[in-house]
Number of protein chains: 2
Amino acid sequence: MARRPTLKDVASEAGVHPATASRALNPETRHLVNDETAQRVHQVADSLGYQPNPIARSLKTARSASIGLIIPDLTNPLFPPIVRGIEDVLGGVGYNAWIINTDNDPARETAAVESLRNRSVEGLVFATARLHHPFIEQLAAGGTPTVLVNRRLAVSDVPSVTGDDAGGVAMAMRHLVDLGHRQIVHLAGPQDLSTGVNRLRAFRQALEDHGLENSPSRLKLCSAWAETAGAKAVTELLDDGVEFTAVLAGNDLLALGCYDALAERGLSCPGDVSVVGFNDMPFVDKLSPPLTTVRIPHYELGAEAAHLLLERLRAPDRTARSVLLPLTLVNRQSTAPPRRL
Amino acid sequence: MARRPTLKDVASEAGVHPATASRALNPETRHLVNDETAQRVHQVADSLGYQPNPIARSLKTARSASIGLIIPDLTNPLFPPIVRGIEDVLGGVGYNAWIINTDNDPARETAAVESLRNRSVEGLVFATARLHHPFIEQLAAGGTPTVLVNRRLAVSDVPSVTGDDAGGVAMAMRHLVDLGHRQIVHLAGPQDLSTGVNRLRAFRQALEDHGLENSPSRLKLCSAWAETAGAKAVTELLDDGVEFTAVLAGNDLLALGCYDALAERGLSCPGDVSVVGFNDMPFVDKLSPPLTTVRIPHYELGAEAAHLLLERLRAPDRTARSVLLPLTLVNRQSTAPPRRL
DNA sequence: TTGAAAGCGCTAACAG
DNA sequence: CTGTTAGCGCTTTCAA
């Protein structure tokens with residue numbers, strides 16, 4: 001197999017110095033070279049099938065046209081669309097992403113970031129942010145271009161791209177109230193994540209806005225975004241005799257658990273209890289009943305995060321900006337007017 | 001921010017030549033150096049927080065401790081487990097993967113592979129293989145270490161890791177026959193993919209094995225692994241008055257379409273028609289009825305593919321070997337004895 | 001506008 | 001066992 005041509009090959013074939021060939025081939029520096037020469041170099045490069053060696057370039061420039069993407073777990077259906085959004089935008093400008101799964105293990109996170117830095121990644125996108133996340137804060141404070149996606153930090157100027165949870169909850173609650181519901185419970189997600197606390201906060205706000213009683217018994221804190229946690233919460237609610245006609249689940253998995261618990265007690269959805277989820281995961285439209293849920297534009301979240309990061313790379317001194325993407329209520333069959341008044 | 005220490009820093013701090021430091025730090029060559037010296041070098045490296053620069057190493061060695069992984073689309077729930085299986089195994093030996101989504105576009109595939117080679121990836125894993133796939137065949141013939149996962153080529157010695165479709169279909173068919181079904185239709189997937197043809201072939205074999213009539217009318221070729229294709233196929237079957245009591249769908253998406261078509265015609269599953277899927281995608285246990293399906297161990301497929309590739313990298317001359325992983329039937333509620341005899 | 005020269009950080013002959 | 005030397009392929013001063 002013939003050795004791949006190098007810049008030197010192109011240069012000698014075109015009768016110029018390698019430095020000139022480099023300048024001619026690099027769009028950034030092409031203007032420094034005689035137009036005619038540049039064209040010749042390009043022709044030779046094409047005919048030889050020359051492809052620059054990104055490794056050599058990285059070594060010299062300490063840049064790599066790549067970024068690191070840190071996610072909890074690729075098999076969680078939330079993340080693939082985010083990843084694709086990021087990759088599609090990056091790909092458009094010749095960048096690539098290294099994807100790391102941390103399984104929410106801080107040790108893996110730090111190790112991964114260390115190894116990414118050795119690879120000279122130019123920036124980092126985290127989908128793993130907890131409300132208090134010293135590691136990320138340090139990194140960002142240390143000047144590493146960093147963007148958060150899907151989740152954000154509690155107080156910080158690290159730019160983030162997230163869904164407008166407050167708006168989403170408000171829509172969901174209005175929907176339930178419009179249907180006639182007055183006794184609504186919330187299955188809140190982990191309170192160390194921005195999504196968990198923001199949705200809970202918005203739930204309380206909505207109760208107030210609609211003049212509904214803010215009864216502590218109508219709130220369940222779930223320690224994980226998991227079906228079992230949702231089922232457990234609803235079972236306890238039922239056992240405690242809490243009255244409710246609707247459930248706002250912190251996410252779709254919790255809503256799924258809710259379905260399970262309801263079914264186990266012989267309660268029908270939406271006949272006895274309406275349920276609203278969050279995320280619009282794949283296939284929740286295939287449940288029975290199809291789940292009414294607040295859709296988060298995950299692909300767009302990723303795309304926007306990539307844009308933000310690229311912008312930071314180009315203009316590091318521009319002030320950080322976070323973006324909130326609008327959510328939409330997907331109205332399916334798991335919500336209906338309450339049976340009892 | 002202090003410059004990261006280089007090998008030279010470590011060497012001078014330890015009072016040795018950089019080459020010695022290199023040998024001491026690299027496990028492969030550590031035995032070439034005095035034990036005492038090596039220890040000192042390691043200590044200095046630790047205290048300085050030295051991390052080798054993989055880019056410089058790659059440039060020198062033309063190896064990169066990374067491989068390329070070419071998949072159709074990360075948002076298809078089939079692939080994330082495969083990816084994780086691969087990454088987990090590779091990670092264990094210090095390797096990483098570049099993930100590329102092709103969206104089944106051959107042009108993107110060739111472009112991606114080209115760019116991966118520029119990055120000196122040491123091998124390639126394809127999850128995009130079609131039965132006839134000249135590009136992959138050329139690559140493998142050209143000496144690029146290549147492994148296929150999930151799908152394989154028609155005739156070729158390119159090693160692959162796939163599920164045992166024949167065995168899976170046999171199990172599913174036996175299950176249906178044991179329930180009493182005699183009129184079984186197959187929704188076959190795309191016939192340019194090994195999965196599509198292998199399952200169809202196994203279906204025919206099973207008909208023969210069980211002494212069932214091989215009626216052409218009981219077969220529908222679907223042009224895509226998509227819900228709409230499955231729905232269309234079943235609707236046509238019904239319109240044509242074909243008699244059947246069970247459907248073996250080529251995959252879960254096709255089975256989903258089958259559910260839709262059945263529901264639209266007011267037929268119940270499994271009361272009127274039993275349905276078996278393929279893959280055991282996430283959440284098919286939440287459908288109503290929960291889908292009986294043939295489970296493919298996607299994570300293990302990925303892990304095995306990574307092992308195979310690593311082995312090829314270590315011993316390129318060993319003869320290529322393909323592996324077939326056993327499938328299991330997940331018996332849920334979409335199958336039952338036929339109503340009519 | 002182009003060439004010369006140096007060097008990014010590392011490893012691999014080769015000598016000693 | 002260790003040091004010397006050279007160079008992977010590219011970019012970037014600096015000088016002409």
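In what follows, every chain begins at residue 1, and chains take the letters A, B, ... in the order their sequences are listed.
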Exercise for the section: Give me the first and last nucleotide of DNA chain C, going 5' to 3', that has any atom under 4.0 Å from a heavy atom of chain A. Expected result: dT1(C) to dG9(C)

Handout entry: Result of checking Leu69(B), Ile136(B), Leu139(B), Ile100(B) against Leu124(B) for side-chain contact (heavy atoms from CB on, under 4.5 Å)
Key = Leu139(B)

Problem - 5'-to-3' dot-bracket of DNA chain C (Watson-Crick, G-U; under 3.5 angstrom; crossing pairs as [ ]; | other strand) - result: ||||||||||||||||

Exercise for the section: Determine yes or no for a side-chain-to-main-chain donor-acceptor pair under 3.5 angstrom, with Ser58(B) supplying the side chain and Arg63(B) the backbone. Expected result: yes

Handout entry: Results of side chain to side chain contact (heavy atoms under 4.5 Å, CB included) for Ala21(B) - residues two or more places apart only
Key = Leu7(B), Ala11(B), Val16(B), Val41(B)

Handout entry: Within residues 5-33 of chain A: residues closer than 4.0 Å to DNA chain D (heavy atoms)
Key = Thr6(A), Leu7(A), Ala19(A), Ser22(A), Arg23(A)

Exercise for the section: For Arg84(B), enumerate each residue passing the salt bridge (Lys or Arg N to Asp or Glu O under 4.0 Å) test, keeping only those at least two apart in sequence or located in another chain. Expected result: Asp73(A), Asp103(A), Asp88(B)

Problem - Donor-acceptor under 3.5 Å (Ser64(A) side chain, Ser120(A) main chain) - result: yes

Let me check something: any side-chain donor-acceptor pairs from residues 42-54 of chain A under 3.5 Å, sequence neighbours excluded? List them with distances.
residue	atom	partner	partner atom	Å
His42(A)	ND1	Ala38(A)	O	3.2
Ser47(A)	OG	Val44(A)	O	2.9
Asn53(A)	OD1	Ile55(A)	N	2.8
Asn53(A)	OD1	Ala56(A)	N	3.1

Exercise for the section: Tell me, please, which residues at least two apart from Ser194(A) pass side chain to side chain contact (heavy atoms under 4.5 Å, CB included). Expected result: Leu131(A), Arg151(A), Arg152(A), Asn198(A)

Practice task
Spell out, as yes or no, whether a donor-acceptor pair under 3.5 Å connects the side chain of Thr144(B) to the backbone of Thr146(B).
Solution key: no

Exercise for the section: Keeping the roles fixed (side chain from Asp9(B), backbone from Thr6(B)), state whether a donor-acceptor pair exists under 3.5 Å. Expected result: yes

Problem - For chain A, the stretch of DNA chain D it reaches, first to last nucleotide, under 4.0 Å of its heavy atoms - result: dG9(D) to dT13(D)

Problem - Residue pairs fulfilling salt bridge (Lys or Arg N to Asp or Glu O under 4.0 Å) with at least one residue in residues 10-21 of chain A, sequence neighbours excluded - result: none

Practice task
Using heavy atoms and a sub-4.0 Å distance, could you list which residues of residues 49-59 of chain A are near DNA chain D? By number, please.
Solution key: Tyr50(A), Pro52(A), Asn53(A), Ala56(A), Arg57(A)

Exercise for the section: Could you label the plane-to-plane angle of the Phe126(B) and His133(B) rings as parallel, tilted or perpendicular, counting under 30° as parallel and over 60° as perpendicular? Expected result: tilted

Handout entry: Qualifying residues under salt bridge (Lys or Arg N to Asp or Glu O under 4.0 Å), relative to Arg318(B), sequence neighbours excluded
Key = Glu311(B)

Handout entry: Euclidean distance, Glu300(A) CD relative to His307(A) NE2, rounded to 0.5 Å
Key = 11.5 Å

Practice task
Would you mind reporting whether Arg130(A) and Asn104(A) have side-chain heavy atoms less than 4.5 Å apart?
Solution key: no

Exercise for the section: Please list all pairs passing the ring pair (Phe, Tyr, Trp, His ring centres under 6.0 Å) test where one or both residues lie in residues 65-120 of chain A, with sequence neighbours left out. Expected result: Trp98(A)-Trp98(B)

